Every structure is written in C-alpha cells, then in structure tokens.
Chemist: 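Sending over a structure as structure tokens; questions will come in a sec.
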Amino acid sequence: MSNFWAKLPRPFLVQAPMEGVTDTVFRQIVARCGKPNVFFTEFTNVDALCSEDGRESALNRLKFTARETPIIAQIWGSSTKQNYMKSARIIQNLGFSGIDINLGCPEVVKQGAGGGLIGKNSLVKEIIIAVKEGAPRLPLSIKTRIGFDKIITEEWAEFLLLQNIQALTIHGRLVKEQRTGTSRWEEIQNVVIIRNKIKADAVIIGNGDVKNYADAVDKSKKYGVDGVMIGRALISNFWAFNPKIKIEDVSFSEKIKLLICHVKLFQKTWGKTRDINTLKKFFKAYVCGVPGASALRAKLMSLKTGEEMIKELEKIKNVF
C-alpha cells in the first residue's frame, strides 16, 4: 500500500466531501482558484455502486481528472459488508488515491449509515475489514464526528485509530447538531492527544467552521492537527485554499468570468445528463458585492438553459 497521507506537507489542506456540491466540475473550478492538497468526491453509496440500477449514477460521482489528484472516494452504506468490499475494489481499479468511509453524515442516519454508525464498533470494524480486503493497495481514511447525541470523543477516536487506518477526519459537532452551533476544536485536539498517546500512525484532520487558508493554518497551529478540511466556506469562496488571494480582493469581473467557465465546464462534462439549474446554488456567491447584485441574481435565476446563462453573463461581464 502506498500511503500518500504520510508524505503530505504539514499542515495540509483538504476539500470536504459535500453532497450535491463536490462533483468533478466543482473540484476543477476550485483547482483553478487555489488547489488543496487533497480532494474528496461526493458521498457514494456502496449499494448503488453494486446494483445494476444505481451503478451508472454512482460512477458519475466518481468521475475525476488528473487536475483533481490526489483524490479520495468517500463511500457510505448500512450493513452490507459485501458491497463495501466490492465498491472498494471498483474504486481501487478506477485509480483513486484512497478510500474514505463516511461515519459522520447526519443526512443518512435513517438508512443506518454515516453518523448512525457511531458507537457501533463491531459493525464498523467489519466494514473497515471489508474495505481493506477490497482495496489493499489504497490507504484507508475515516470521516466522523465527536458523537451522536453525546460527546464520546475519547473512546470513539481510540477505537478507530486502533483499526490501522491512515487518516482520521474529525468534525467537532455531534451528529444530532447537524450544522448548528460551533465546531468544538478542543475535542479535535483531544483526538491528536489520543493518537500520540496510543502511538497510532494516522494523520489527524480537523473539520468544522474553517473559513479560508489563513484560518486553516491558525487552527492547525493552535490545535496540533496534521491537516485541516474546508467545506461550506468553499461554496461562497472558491479561493479559500489560496494563500495569496483573499475573496474580497477578487474583482466582480473575475467572478463573472469564472462563472462563465463554470457553466461551460458543466455543459461539457454532463451535457443533458444533469440539470444545469443545479448550478444556481452558486449564483449568490458569484454575483455579489456590486450595486444591483440582487437584481442581477434574480435575472440569472430566471434563466433555464446554459446558453441563456452564458449569454446573460457575457453582457454582465462587459458592463462591469
């Protein structure tokens, strides 16, 4: 197994997996603005990947280009250990840099997955073994939280670190809190202490409420993590990983040019297979900071096709 995690600079920066956001198009746009050290895919369901009906859609989640490497495929599922193993084998053959098991997401708890697996040590151990058997050449990482409805950082993190994984990402919230409150970075620091105490080899990645590159560096120094993951901040700031560019210094014209690129890349990558209107979630971030921004956004939101969007954006670009 080639463990690229151990070779990364300290601190390293990681793009968080986000459902409905971090597809190959989004990652390529982020790479243009400021490339992180590690990329993550969207969540990929192992049962879908192993079924005839769901395989094509699942494989689309696993599309990536050379520009997006090193890249980790994040997987989730309930208790179908055989499908974890099969999915890991597929991911290894696709050329990914590593595999991550989602043990923290609140959105898939009802399916008995993600954050719903926290504390279910026997089942989690079986899943980890299955993934290792399916992809013995890839480093294994886990992304999780500090507990489900109460903090169990110490016992949960120690259990995971003893499973011979190569990286552990800790989001400093409980699963039940979802995105509310603030991330408890002191608990993330406790994981670093536990890792050092038991002399585990895994790198520790902190996650939650990280704004940009400078904030990530500050948190890594303060809390001792090896790496820092940025998620939601990226949706409003594609330059979050860039150490030289602050979002407030990016001109409106530059933002519009990037949005045009975003729309064109979406069209080129997905054609008619994905609805171009899903890009509208990013319009607020792109069209801001100028007089009449609300009216401009409203106009863009009313458009239905990529061609209409590009035509209108070219007009806006030439005005500002």
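Being a predicted model, the structure only gives us computed values, none of them experimental.
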Chemist: Can you confirm whether the side chains of W5 and S141 place a donor and an acceptor under 3.5 Å from each other?
Modeler: no
Chemist: Would you say that L300 contacts L313 through its side chain, given a criterion of any heavy-atom pair below 4.5 Å between the two side chains?
Modeler: yes
Chemist: Could you tell me whether the side chain of K35 and the main chain of R67 form a donor-acceptor pair under 3.5 Å?
Modeler: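 Present.
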Chemist: Between W270 and D23, does any side-chain donor sit less than 3.5 Å from a side-chain acceptor?
Modeler: yes
Chemist: Can I204 be reached from L140 by stepping across I, L, V, M, F, W or Y side chains whose heavy atoms are under 4.5 Å apart?
Modeler: yes
Chemist: Which atoms form the tightest heavy-atom contact between A73 and L62, and what is the distance?
Modeler: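 So the minimum-distance heavy-atom pair works out to CB-CD2, 3.9 Å.
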Chemist: Quick check on the hydrophobic clustering: are V108 and L123 connected, directly or via other members, by side-chain heavy-atom contacts under 4.5 Å?
Modeler: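 No; L123 is not reachable from V108 via cluster members.
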Chemist: I need the R61 CZ to I75 CD1 distance, nearest 0.5 Å.
Modeler: 13.0 Å
Chemist: Could you tell me which non-hydrogen atom of G115 sits nearest to which non-hydrogen atom of V109, and how far apart they are?
Modeler: C-CG2, 4.1 Å
Chemist: Would the number of heavy atoms belonging to other residues, nucleotides or ligands and lying under 6.0 Å from CZ of R55 be above 12?
Modeler: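 Atom CZ in R55 is packed in, count exceeds 12.
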Chemist: Can you measure from CE (M309) to CG (L279) and round to the nearest 0.5 angstrom?
Modeler: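 Between M309 CE and L279 CG, I get 6.5 Å after rounding to 0.5 Å.
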Chemist: Measure across N45 and G77 and return the closest heavy-atom pair with its distance rounded to 0.1 Å.
Modeler: ND2-CA, 4.2 Å
Chemist: Does S87 reach the side chain of I99, with side-chain heavy atoms less than 4.5 Å apart?
Modeler: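 Not in contact.
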Chemist: Between C105 and F43, is a side-chain contact (heavy atoms from CB on, under 4.5 Å) present by the stated rule, with each step listed?
Modeler: CA-CA 9 Å; C105 179; F43 318 151; 3.7 Å; yes
Chemist: Can you label the angle between the F238 ring and the H262 ring as parallel, tilted or perpendicular, going by 30° and 60°?
Modeler: perpendicular
Chemist: State whether the side chain of Q92 and the backbone N or O of R137 hold a donor-acceptor pair below 3.5 Å, judged by distance alone.
Modeler: yes
Chemist: When clusters are formed by joining ILVMFWY residues with side-chain heavy atoms under 4.5 Å apart, either directly or through shared neighbours, do V30 and Y286 land in the same one?
Modeler: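 V30 and Y286: one cluster.
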Chemist: Verify the distance criterion only: is there a donor paired with an acceptor across the side chains of Q28 and T24 at less than 3.5 Å?
Modeler: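 A pair is found: one side chain offers a donor N or O, the other an acceptor, under 3.5 Å apart.
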Chemist: Which distance, rounded to the nearest 0.5 Å, do you find between the CD1 of I142 and the CD of Q74?
Modeler: 10.5 Å
Chemist: Taking the side chain from N102 and the backbone from G114, do they hold a donor-acceptor pair closer than 3.5 Å?
Modeler: no
Chemist: Going by heavy atoms in the side chains, are I72 and F96 under 4.5 Å from each other?
Modeler: no
Chemist: What about L138 and V131, same hydrophobic cluster or not, with Ile/Leu/Val/Met/Phe/Trp/Tyr joined at side-chain heavy-atom distances under 4.5 Å?
Modeler: yes
Chemist: Does D149 form a side-chain contact (heavy atoms from CB on, under 4.5 Å) with V175? I'd like the steps, not just the answer.
Modeler: CA-CA 7 Å; D149 54 9; V175 175; over 6 Å; no
Chemist: Has the side chain of N37 got a donor or acceptor atom that lies under 3.5 Å from a matching backbone atom of V14?
Modeler: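 Judged by distance alone, no pair lies under 3.5 Å.
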Chemist: Roughly how far, to the nearest 0.5 Å, is the CG atom of N212 from the CG atom of N237?
Modeler: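 These two atoms lie 7.0 Å from each other.
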Chemist: Kindly check if the number of other-residue, nucleotide or ligand heavy atoms within 6.0 Å of NZ (K211) is above 12?
Modeler: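 Check fails, neighbour count at 12 or below.
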Chemist: Looking at R195 and L161, would you say the former's side chain and the latter's main chain have a donor-acceptor pair under 3.5 Å?
Modeler: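 Not confirmed, R195 side chain does not pair with L161 backbone.
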Chemist: Just do the side-chain contact (heavy atoms from CB on, under 4.5 Å) check on T44 and E42 with the steps written out, would you?
Modeler: CA-CA 6 Å; T44 300; E42 298 175 272; 5.6 Å; no
Chemist: Would you check if the distance from the ring center of Y223 to the ring center of W185 is below 6.0 Å?
Modeler: yes
Chemist: Where do K281 and G20 come nearest, in terms of heavy atoms and distance?
Modeler: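 Shortest heavy-atom separation between K281 and G20 comes out as NZ-O, 3.1 Å.
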Chemist: Flag the pair D209 and K219 as a salt bridge only when some basic side-chain nitrogen lies within less than 4.0 angstrom of an acidic carboxylate oxygen.
Modeler: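 No, this pair does not count.
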Chemist: Within the 4.5 Å heavy-atom criterion, are K125 and S122 side-chain neighbours or not?
Modeler: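 Counting from C-beta outward, K125 and S122 never come under 4.5 Å.
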Chemist: Is there a side-chain contact (heavy atoms from CB on, under 4.5 Å) between E158 and L162? Walk through the geometry before answering.
Modeler: CA-CA 6 Å; E158 182 170 339; L162 289 173; 4.0 Å; yes
Chemist: Spell out, as yes or no, whether a donor-acceptor pair under 3.5 Å connects the side chain of S183 to the backbone of G172.
Modeler: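 Answer holds: yes.
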Chemist: With a 4.5 Å cut-off on side-chain heavy atoms, are I101 and V124 touching?
Modeler: no
Chemist: State whether the side chain of Q166 and the backbone N or O of N164 hold a donor-acceptor pair below 3.5 Å, judged by distance alone.
Modeler: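 Present.
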Chemist: Taking atom CH2 of W156 and atom NZ of K120, what is their separation to the nearest 0.5 Å?
Modeler: 10.5 Å
Chemist: Give a yes or no on whether the backbone of F40 and the side-chain of Q15 come within a donor-acceptor separation of less than 3.5 Å.
Modeler: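 Checking the backbone N and O of F40 against the side chain of Q15, a donor-acceptor pair under 3.5 Å is found.
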Chemist: To the nearest 0.5 Å, what is the distance between NZ (K317) and OG (S253)?
Modeler: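 That separation rounds to 7.0 Å.
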Chemist: Tell me, do I194 and E154 make a side-chain contact under 4.5 Å, heavy atoms counted?
Modeler: yes
Chemist: For the backbone of H171 and the side chain of R145, can you confirm whether one donor and one acceptor N or O come within less than 3.5 Å of each other?
Modeler: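 Checking the backbone N and O of H171 against the side chain of R145, no donor-acceptor pair under 3.5 Å is found.
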Chemist: Between V203 and R10, is any pair of side-chain heavy atoms under 4.5 Å apart?
Modeler: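 The answer is yes, as the side chains (C-beta and beyond) meet within the 4.5 Å cut-off.
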Chemist: Cut-off 3.5 Å, side chains only: do T65 and E68 have a donor facing an acceptor?
Modeler: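 Yes, E68 and T65 have a side-chain donor paired with an acceptor closer than 3.5 Å.
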Chemist: Taking only Lys NZ, Arg NE, NH1 and NH2, and the carboxylate oxygens of Asp or Glu, determine whether K311 and E308 approach each other closer than 4.0 Å.
Modeler: no
Chemist: Does M301 offer a backbone N or O that forms a donor-acceptor pair with the side chain of K280 under 3.5 Å?
Modeler: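 At least one qualifying donor-acceptor pair exists.
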Chemist: With clusters defined by side-chain heavy atoms of hydrophobic residues (ILVMFWY) lying less than 4.5 Å apart, directly or transitively, does M229 cluster with V192?
Modeler: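 In one cluster with V192: M229, no.
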Chemist: Could you check N207, D100, T169 and say which one makes a side chain to side chain donor-acceptor pair (under 3.5 Å) with K143?
Modeler: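 In the set N207, D100, T169, the residue that makes a side chain to side chain donor-acceptor pair (under 3.5 Å) with K143 is N207.
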Chemist: Specify the closest pair of heavy atoms between Y213 and I230, including all atoms of both residues, with the distance to one decimal.
Modeler: N-CD1, 4.4 Å
Chemist: Around atom CZ of R32, are there more than 12 heavy atoms from other residues, nucleotides or ligands closer than 6.0 Å?
Modeler: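 Open.
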Chemist: Identify the two heavy atoms, one from N277 and one from L303, that lie closest to each other, and give their separation to 0.1 Å.
Modeler: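 For N277 versus L303, the nearest heavy atoms are OD1-O, 3.4 Å.
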